[in-house]
Amino acid sequence: MARHLITSALPYINGIKHLGNMVGSMLPADVYSRYMRQRGHEVLYICATDEHGTPAELAAKEQGLPVDTFCAQAHDAQKAVYDGFNLAFDHFGRSSSPQNVEITQHFARRLNENGFIEERSIRQVYSPADGRFLPDRYVEGTCPHCGYDKARGDQCENCTRVLDPTDLLDPRSAISGSTDLEVRETKHLFLLQSKLQHEVEEWVARHEEEWPHLAASIARKWLTEGLHDRSITRDLDWGVPVPADTWPELAAEGKVFYVWFDAPIEYIAATKEWADSAPEGETRDWKSWWYEADDTVRYTEFMAKDNVPFHTVMFPATQLGVREPWKKVDYVKAFNWLTYYGGKFSTSQKRGVFTDQALDVLPADYWRYFLIANAPESDDSSFTWEHFTATVNKDLADTLGNFVNRVLSFSKKRFGEEVPAGGEPGEAETRLGEEIAGLLAEYESQMEAKQFRKAAAALRALWSAGNSYLEEKAPWLEIKTDKDAAALTLRTAMNLIRLYAVVSEPLIPTAAAAMRQTFSLADDTASWVTAEEARALTSVPAGTPFTVPPVLFAKLTDDDLEAYKERFGGEPEPA
């Protein structure tokens with residue numbers, strides 16, 4: 001059985017991420033990782049903060065902190081939010097780690113030895129006041145297209161046009177504000193992607209039929225447009241240094257590798273971090289996950305569509321050029337955008353709901369379920385507070401939460417704190433068992449296919465089947481004429497609750513644990529439910545003690561809805 005390596009897009013260090021970032025990478029990766037572990041697979045889920053690049057330096061400067069201190073604090077702040085969302089990483093690393101420095105420099109040396117790196121002279125903006133060359137984001141000015149006066153040297157955030165620092169009107173240094181800028185010649189390293197185009201095309205061709213259309217089409221578009229040689233170094237104080245043993249002149253000038261060169265390598269480095277941080281007495285073999293692992297590891301990546309080109313084209317080009325058997329991705333699960341009332345979430349403009357704010361409003365399971373049930377897979381999806389509250393109330397509070405509460409409360413009231421015995425299962429229970437087994441198979445199929453909206457729909461159908469059974473049997477009426485019949489209905493329903501506890505864990509782990517802890521089973525170690533167990537619904541025998549848990553999901557009121565809209569806004573900012 002192949003081992004499963006799972007990664008999600010590295011969240012950038014600059015700021016807490018919004019719900020769109022969560023649903024576009026880390027959350028579905030966590031759901032899939034949890035599911036695969038429950039099915040008995042060996043899984044390694046790796047992620048990390050992406051810490052290099054201009055924005056990190058600028059954010060540190062704004063806060064008056066050394067950049068390494070800023071990144072350490074920001075990493076801890078992000079990790080706390082992800083812990084709050086119950087993301088079960090095996091390791092959540094940092095791209096500024098010594099391991100990433102080591103492996104990134106190794107990749108660069110090997111690419112150079114193989115003739116895929118070239119040193120070139122380019123013209124770049126220089127600030128005498130700052131005594132340094134300015135990377136593109138260190139130059140600000142007025143956009144020549146729309147007149148926005150805070151455009152950056154790489155892109156105008158207002159009109160989204162891609163820019164070069166020399167395009168800006170009235171350019172100034174983002175460090176000192178100086179307008180005394182010059183254009184000087186300097187040297188940088190270029191990755192010769194053009195020489196690797198054919199190899200990348202062949203590699204993509206071997207995988208694209210299996211990938212989702214979104215991932216395959218983006219990769220093919222980039223290849224059709226042609227791979228261009230790309231600068232992989234920058235003039236920054238913070239980053240993976242160019243190794244002095246290979247490029248002494250550039251190292252002496254303080255050049256560091258471009259963040260998009262070292263960030264994908266961090267997946268490998270973070271796995272080494274995981275191994276190096278093993279508890280005393282435990283040995284972890286990081287390299288077996290990445291090196292000569294094509295036959296033993298199944299590698300799945302989760303990311304939003306803006307990251308797809310880097311992981312389907314650019315990083316594979318790097319790996320191919322190294323000429324070493326590093327594991328390349330097998331399956332790229334790409335997502336479209338989650339919008340906020342049809343407009344963009346914006347980190348810089350604080351528009352939309354951010355992950356720390358979400359946890360301040362409601363517990364993680366509310367968000368986990370809603371986001372997966374509305375994952376932007378085939379197209380963009382829109383977050384609205386109206387849709388969120390309706391989903392919570394209908395699916396979580398009414399369909400699941402109310403079922404659990406009324407079954408357990410009614411049984412406790414009429415039969416005490418042990419699962420009642422009742423008579424033998426009849427036709428209704430046989431039909432229910434067949435229905436549950438079929439719905440479980442559908443749920444498993446969609447999870448295996450990484451179709452998350454359909455998987456959530458199948459899970460919801462499992463919950464609904466329990467409600468339909470309860471309405472059909474009506475134990476509150478049965479007990480008036482046939483106490484044993486009512487007991488059988490409640491025992492069957494309690495077995496459904498236990499089944500829901502097991503199979504709902506990937507999406508709503510906290511509620512699943514609460515449901516599972518309801519029953520005092522002596523040896524409840526099962527990680528999944530078989531089709532036979534689903535048909536039988538006998539895993540919780542009569543006489544098992546149980547407790548009634550607190551309300552799993554509170555119903556949201558109209559006042560709640562209005563409060564959320566007042567706090568976060570009920571429509572996007574105008575374009």
Side-chain angles (χ1 to χ4, degrees), residues 11-28 30 55 59 62-63 73-87 150 157-158 304 335-376 380-402 453 456 507-511 550-575:
Y12 195 67
I13 195 66
N14 189 9
I16 299 297
K17 305 301 122 183
H18 56 66
L19 293 181
N21 299 128
M22 177 63 70
V23 72
S25 59
M26 289 175 285
L27 179 56
D30 177 74
E62 287 177 6
Q63 294 192 19
Q73 293 179 359
H75 170 87
D76 291 346
Q78 286 200 26
K79 181 60 165 58
V81 172
Y82 305 145
D83 288 344
F85 266 85
N86 283 316
L87 301 184
K150 294 182 178 62
E157 190 175 70
N158 185 55
F335 291 85
N336 287 283
W337 303 127
L338 177 71
T339 65
Y340 187 73
Y341 283 85
K344 286 184 177 181
F345 282 84
S346 173
T347 301
S348 60
Q349 298 181 30
K350 304 297 182 185
R351 186 167 61 248
V353 186
F354 289 74
T355 50
D356 57 342
Q357 298 170 329
L359 294 177
D360 183 52
V361 171
L362 287 166
D365 279 0
Y366 292 73
W367 300 104
R368 289 177 63 102
Y369 177 79
F370 175 83
L371 292 171
I372 291 298
N374 297 279
D380 291 350
S381 61
S382 178
F383 177 91
T384 70
W385 285 107
E386 291 84 356
H387 188 200
F388 176 75
T389 55
T391 300
V392 166
N393 289 344
K394 181 181 178 183
D395 295 357
L396 296 178
D398 288 346
T399 305
L400 177 61
N402 187 49
R453 293 180 75 148
L507 275 72
I508 49 172
T510 301
V551 173
L552 293 179
F553 296 99
K555 201 158 187 175
L556 305 181
T557 67
D558 290 342
D559 287 343
D560 292 326
L561 172 60
E562 292 306 313
Y564 300 149
K565 292 176 67 175
E566 182 177 354
R567 176 177 174 182
F568 296 98
E571 58 185 27
E573 294 294 323

Student: Restricting to non-hydrogen atoms, name the atom on Pro509 and the atom on Arg368 that form the minimum distance, rounded to 0.1 Å.
Tutor: CD-NE, 3.3 Å
Student: Quick one: are Pro11 and Tyr82 in side-chain contact, heavy atoms under 4.5 Å?
Tutor: yes
Student: Could you pull out the closest heavy-atom pair between Asn393 and Ala397, with the gap in Å?
Tutor: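 Closest heavy-atom pair between Asn393 and Ala397: O-CB, 3.5 Å.
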Student: Write down the atom of Ala373, the atom of Ala456, and the distance for their closest heavy-atom approach.
Tutor: CA-CB, 3.6 Å
Student: Considering all heavy atoms of both residues, which atom of Asn14 and which atom of Ala59 are nearest to each other, and what is their separation?
Tutor: OD1-CB, 3.4 Å
Student: Which is it for Leu507 and Asp365 under the side-chain contact (heavy atoms from CB on, under 4.5 Å) test, yes or no, and what are the steps along the way?
Tutor: CA-CA 7 Å; Leu507 275 72; Asp365 279 0; over 6 Å; no
Student: Side chain of Gln78, backbone of Ile16: donor and acceptor closer than 3.5 Å?
Tutor: no
Student: Determine whether Arg453 and Ser381 make a side-chain contact, defined as any pair of heavy atoms from C-beta on separated by less than 4.5 Å.
Tutor: yes
Student: Return the OG1 to OH distance between Thr391 and Tyr369, rounded to the nearest 0.5 Å.
Tutor: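 One finds 7.0 Å between OG1 of Thr391 and OH of Tyr369.
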Student: Nearest 0.5 Å, what's the CG-OG distance between Leu338 and Ser382?
Tutor: 7.0 Å
Student: Treating Thr355 as the side-chain partner and His18 as the backbone partner, does any N or O pair qualify as donor plus acceptor under 3.5 Å?
Tutor: no
Student: Less than 6.0 Å separating the ring centroids of Tyr341 and Phe383?
Tutor: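 Between Phe383 and Tyr341, which both carry aromatic rings, the centre distance is not below 6.0 Å.
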Student: Check for me whether the distance between the ring centres of Phe345 and Trp337 falls short of 6.0 Å.
Tutor: no
Student: Do Tyr564 and Glu386 have side-chain N/O donor and acceptor atoms under 3.5 Å apart?
Tutor: no
Student: For Phe85, which residues count as a ring-ring contact (aromatic ring centres under 6.0 Å, His included) partner, sequence neighbours excluded?
Tutor: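 If we apply the ring-ring contact (aromatic ring centres under 6.0 Å, His included) test to Phe85, skipping adjacent residues, there are no hits.
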Student: Quick check: Phe568 with Tyr340 (ring centres under 6.0 Å apart)?
Tutor: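 That pair fails the under 6.0 Å test.
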Student: Once salt bridge (charged side-chain N to carboxylate O under 4.0 Å, His left out) is applied, do any residues pair with Lys150, and if so which ones, sequence neighbours excluded?
Tutor: none
Student: So Tyr12 and Asn21, side-chain contact (heavy atoms from CB on, under 4.5 Å) or not? Walk me through it.
Tutor: CA-CA 10 Å; Tyr12 195 67; Asn21 299 128; over 6 Å; no
Student: Please round to the nearest 0.5 Å and tell me the distance separating atom CG of Leu396 and atom CD1 of Ile508.
Tutor: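 Answer rounded to 0.5 Å: 6.5 Å.
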Student: When rounded to the nearest 0.5 angstrom, what distance separates CG in Leu561 from CG in Leu556?
Tutor: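 Answer for the CG-CG pair, Leu561 versus Leu556, is 8.5 Å.
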Student: Output all residues satisfying salt bridge (charged side-chain N to carboxylate O under 4.0 Å, His left out) with Asp395, sequence neighbours left out; order by chain, then residue number.
Tutor: Arg460
Student: State which residues pass salt bridge (charged side-chain N to carboxylate O under 4.0 Å, His left out) with Asp356; sequence neighbours excluded, sorted by chain then number.
Tutor: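 With neighbours one apart ignored, the set is empty.
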Student: According to the salt bridge (charged side-chain N to carboxylate O under 4.0 Å, His left out) rule, which pairs have a member within residues 550-564, sequence neighbours left out?
Tutor: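 Counting only pairs at least two positions apart or across chains, the salt bridge (charged side-chain N to carboxylate O under 4.0 Å, His left out) contacts touching residues 550-564 are Asp398-Lys555.
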Student: Please report the interatomic distance NZ(Lys17) to CZ(Phe354), rounded to the nearest 0.5 Å.
Tutor: 9.0 Å
Student: Could you pull out all residues at least two apart from Phe335 that satisfy ring-ring contact (aromatic ring centres under 6.0 Å, His included)?
Tutor: none
Student: Aromatic rings Phe388 and Trp367: how do their planes relate, parallel, tilted or perpendicular, breaks at 30° and 60°?
Tutor: parallel
Student: Between Asp360 and Arg567, is there a salt bridge with N-O shorter than 4.0 Å?
Tutor: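 The answer is yes: the pair qualifies as a salt bridge.
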Student: Roughly how far, to the nearest 0.5 Å, is the CD1 atom of Ile372 from the CE atom of Met22?
Tutor: 10.0 Å
Student: Going by distance alone, is a donor N or O of one side chain under 3.5 Å from an acceptor N or O of the other, for Thr510 and Asn86?
Tutor: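 Yes, Asn86 and Thr510 have a side-chain donor paired with an acceptor closer than 3.5 Å.
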